[in-house]
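Read through the structure below, which is laid out as structure tokens, and then see the notes.
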Amino acid sequence: MPKTPTGIDGLDEITEGGLPQGRPTLVCGSAGCGKTLMGVEFLVRGILEYDEPGVLMAFEETADELAANVTSLGFDLQALQDQGKLRLDHVHIDRSEIEETGEYDLEGLFIRLGYAIDFIGAKRVVLDTIEALFSGFPNQAILRSEIRRLFRWLKDKGVTTIITAERGEGSLTRQGLEEYVSDCVILLDNRVIEQITTRRLRIVKYRGSTHGTNEYPYLITEEGISVLPVTSLKLAHEVSDEIVSSGVPALDEMFGRRGFFKGSSILVTGTAGTAKTTLAAAFAAEICRSGKRCLFFAFEESPQQLVRNMRSVGLDLNKYQEQGLLHIEASRPTLNGLEKHLVTLHKFIRDWQPEAVVIDPISNLITVGNITEVRSMLTRLIDFLKVNNITALFTSLISGRNIQQEMTEEGVSSLVDTWLSVRDLEGVGERNRGISILKARGMAHSNQVREFLVTDEGIRLLDVVIGPTGIVTGASRLTQQIKEQAEALANQQELERKDRELERKRRVLEATINNLRTEFESVEEELRQINHDELMRQQALRYNRQNIAGSSSPE
């Protein structure tokens with residue numbers, strides 16, 4: 001089916017392209033839902049973004065009133081009229097001023113509306129609101145006939161039309177007929193839950209086209225209407241192999257890739273006082289230190305308090321604020337509803353283009369919505385950040401009853417890519433802090449619970465010390481270290497004693513060898529002398545024999 005894009009943020013996504021082209025769409029709801037605003041924005045976006053002229057026929061507000069009402073949203077209706085792109089027409093209908101002289105029909109309206117459409121070549125039309133138009137019909141049969149004729153006439157003109165209508169009792173509209181003859185019906189609802197106003201939008205029907213069927217939150221902001229789809233985002237975002245540091249070198253070493261994947265989502269959970277905010281600030285400072293921008297949303301501390309507190313642990317956030325690399329947005333969660341917070345996040349991210357976002361803590365959002373609503377909002381936020389390849393770090397406060405289960409009250413632990421748990425390691429008369437990695441998608445990670453200290457120079461992870469009963473912390477760590485040092489000293493002394501004993505034996509052995517060598521040399525010398533004497537004796541004997549033999553021979 002050919003569709004006409006509305007240009008309204010999020011609405012084209014859940015309608016899968018826009019409103020049915022050349023057909024009427026009914027927008028119904030109670031007072032204050034934004035029906036008229038949706039119609040005006042549909043016309044303005046069509047002119048500015050798609051070059052499609054439009055006609056707005058109002059039955060309750062004058063052209064000047066309409067133009068003044070939407071000026072705060074940045075819509076200059078007078079300028080569009082001067083350009084010949086928009087035509088505003090106010091039709092005044094007051095039952096008390098009508099005098100019946102025959103059958104009442106809409107022929108005059110068709111002529112007036114047809115002239116406006118043809119005059120500017122309109123492609124879009126808005127009628128606001130239809131109840132005022134039909135106040136002159138006392139006969140219900142004629143009323144229903146004229147409603148059908150109006151919708152058929154608009155189809156024949158080939159204009160894409162939005163018709164606004166008020167909510168009826170037990171039906172979508174007061175007459176209970178418009179929703180049946182419309183090709184598309186959009187229901188707007190304005191509800192108040194625990195003093196928090198929430199607006200919802202639902203596509204009741206859409207002939208010839210698939211569409212989102214859920215209720216979608218929407219907001220009226222200074223830029224118009226924003227519809228926030230819950231389930232329409234698809235898991236088709238790109239991923240990165242780039243690594244982002246946590247800001248704590250020893251913590252990076254607990255990950256196989258020495259940090260987080262860029263564009264991933266990180267959750268830090270723990271009880272009060274376990275340095276969740278300090279870990280988040282260290283991450284933000286590391287992003288800024290690398291020359292990139294970071295948005296820090298604080299729900300518990302003012303920017304000045306956060307900067308002062310982090311200065312005590314060696315993190316100077318103020319210099320990054322002055323450099324334009326860090327922006328701290330602080331507010332109470334109860335200031336706005338969940339959807340308003342989400343739109344605020346979207347706006348800051350779109351305008352500021354950060355590399356990383358920190359939200360501290362998300363658990364405070366429970367005060368402005370139930371668990372299902374908070375989870376839905378965080379799901380949309382995480383998907384939005386992933387699509388934009390923005391690294392996100394969330395902190396969450398968990399209660400004591402959930403520590404053993406390692407679950408978060410918002411139920412988002414399954415949505416994030418990396419989950420860090422900081423906890424109290426209570427000993428005898430002391431309280432220490434420990435950190436562990438519960439999961440890290442896509443990389444190997446340590447399974448140890450590492451004790452850490454918050455010092456003047458930041459967070460410092462301590463080496464693991466194992467005692468007889470397992471990993472020890474705090475004073476037990478000191479006792480174990482002293483014990484190990486004493487054992488090491490005793491071992492060293494024993495080694496030195498053995499070295500001395502070995503040296504003594506070596507000297508005794510060498511002395512014995514020297515004695516044996518001297519004795520051997522003495523015997524050798526004696527033997528050598530005996531051999532020499534025997535040799536001399538033999539030589540003398542031979543000499544004597546020769547002399548005797550010579551003297552006895554005849555002359």
> How far apart are the C-alpha atoms of E519 and N515, what are their side-chain angles, what is the distance that settles it, and do they pass the side-chain hydrogen bond (donor to acceptor under 3.5 Å, both in side chains) test?
Replying inline: CA-CA 6 Å; E519 182 179 352; N515 292 334; over 6 Å; no

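- Here the side chains of F255 and T418 are in contact, with some heavy-atom distance below 4.5 Å.
- Just one residue in the list V244, L385, D417 forms a side chain to side chain contact (heavy atoms under 4.5 Å, CB included) with T391, and that residue is V244.
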> Run the salt bridge (Lys or Arg N to Asp or Glu O under 4.0 Å) check on R431 and D424 step by step: do they pass?
Replying inline: CA-CA 6 Å; R431 176 174 173 269; D424 292 325; 2.9 Å; yes

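- In terms of heavy atoms, I437 sits closest to H445 at CG2-CD2, 3.5 Å.
- The shortest heavy-atom contact between L315 and A285 is CD2-CB, 4.2 Å.
- In this structure a side-chain-to-backbone donor-acceptor pair under 3.5 Å is present from R450 to L462.
- Counting only heavy atoms from C-beta outward, the side chains of D360 and F297 never approach each other to under 4.5 Å.
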> Is there a side chain to side chain contact (heavy atoms under 4.5 Å, CB included) between D499 and E503 once you walk through the steps?
Replying inline: CA-CA 6 Å; D499 286 342; E503 179 64 20; over 6 Å; no

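- No hydrogens or angles considered: nothing links the side chains of E534 and H532 as a donor-acceptor pair under 3.5 Å.
- The pair K262-D241 does not meet the salt-bridge criterion, since no charged nitrogen lies less than 4.0 angstrom from a carboxylate oxygen.
- Among all heavy-atom pairs drawn from T271 and I398, the shortest one is CG2-O, 3.6 Å.
- Looking only at atom types and distance, the side chain of N531 has no donor-acceptor partner in the side chain of R528 under 3.5 Å away.
- At least one donor-acceptor pair closer than 3.5 Å links the side chain of E41 to the backbone N or O of I225.
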> Are T395 and T269 close enough, and set up right, to give a side chain to side chain contact (heavy atoms under 4.5 Å, CB included), and what steps lead you there?
Replying inline: CA-CA 6 Å; T395 69; T269 61; over 6 Å; no

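- Side-chain atoms of I186 and V204, non-hydrogen and from C-beta on, never get closer than 4.5 Å to each other.
- L461 has its side chain out of reach of E451: every pair of non-hydrogen atoms, C-beta onward, lies at least 4.5 Å apart.
- Remark: side-chain polar atoms of S363 are paired, donor with acceptor, to backbone N or O of L397 under 3.5 angstrom.
- Contact detail for P354 and L295: the closest heavy-atom pair is CG-CD1, 3.7 Å.
- Counting only heavy atoms from C-beta outward, the side chains of T15 and Y206 approach each other to under 4.5 Å.
- The only member of R504, K498, R497 that meets salt bridge (Lys or Arg N to Asp or Glu O under 4.0 Å) when paired with E501 is R504.
- For the pairing with Q493, the side chain to side chain contact (heavy atoms under 4.5 Å, CB included) check across N491, L489, L495 returns one residue only, L489.
- Between H327 and W352, the ring-plane angle classifies as tilted under the 30° and 60° cut-offs.
- L11 CG to T6 OG1: the interatomic distance, rounded to the nearest 0.5 Å, is 4.0 Å.
- Checking E16 against T210 by side-chain atom types alone, a donor-acceptor pair falls below 3.5 Å.
- Checked by atom type and distance alone, the side chain of K276 never pairs as donor or acceptor with a backbone atom of F394 at under 3.5 Å.
- Side-chain contact between E329 and P303 is absent, with no heavy-atom pair separated by less than 4.5 Å.
- Summarising the local packing, CD of E525 is surrounded by more than 12 heavy atoms from other residues, nucleotides or ligands at distances under 6.0 Å.
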>> For F261 and I243: C-alpha separation, side-chain torsions, deciding distance, then whether side chain to side chain contact (heavy atoms under 4.5 Å, CB included) applies.
In response: CA-CA 5 Å; F261 283 120; I243 297 299; 3.7 Å; yes

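- In plain terms, the two heavy atoms of V449 and S436 that are nearest each other are CG2-CB, 4.0 Å.
- The minimum heavy-atom distance linking D12 with G7 is given by the pair OD2-N, 3.0 Å.
- C288 has its side chain within reach of C294: a pair of non-hydrogen atoms, C-beta onward, lies under 4.5 Å apart.
- Considering CG of L453 and CD1 of I459, their distance stands at 10.0 Å, rounded to 0.5 Å.
- How far CZ of F260 is from CE of M443: 8.5 Å, rounded to the nearest 0.5 Å.
- Rounded to the nearest 0.5 Å, atoms CG (N190) and CD1 (I220) are 8.0 Å apart.
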> When you look at D189 and R202, which way does the side chain to side chain contact (heavy atoms under 4.5 Å, CB included) test go after all the steps?
Replying inline: CA-CA 8 Å; D189 184 27; R202 180 165 63 93; over 6 Å; no

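- Contact of the S265 side chain with the L415 side chain is not registered, since no non-hydrogen atoms from C-beta on lie closer than 4.5 Å.
- Here the CD1-OG distance, from I435 to S246, works out to 8.0 Å after rounding to the nearest 0.5 Å.
- Taking a cutoff of 4.0 Å between a charged side-chain nitrogen and a carboxylate oxygen, R506 and E510 qualify as a salt bridge.
- Separating the CG atom in L502 from the CG atom in L509 is a distance of 10.0 Å, to the nearest 0.5 Å.
- Within a 6.0 Å radius of CZ in R289, other residues, nucleotides and ligands contribute more than 12 heavy atoms.
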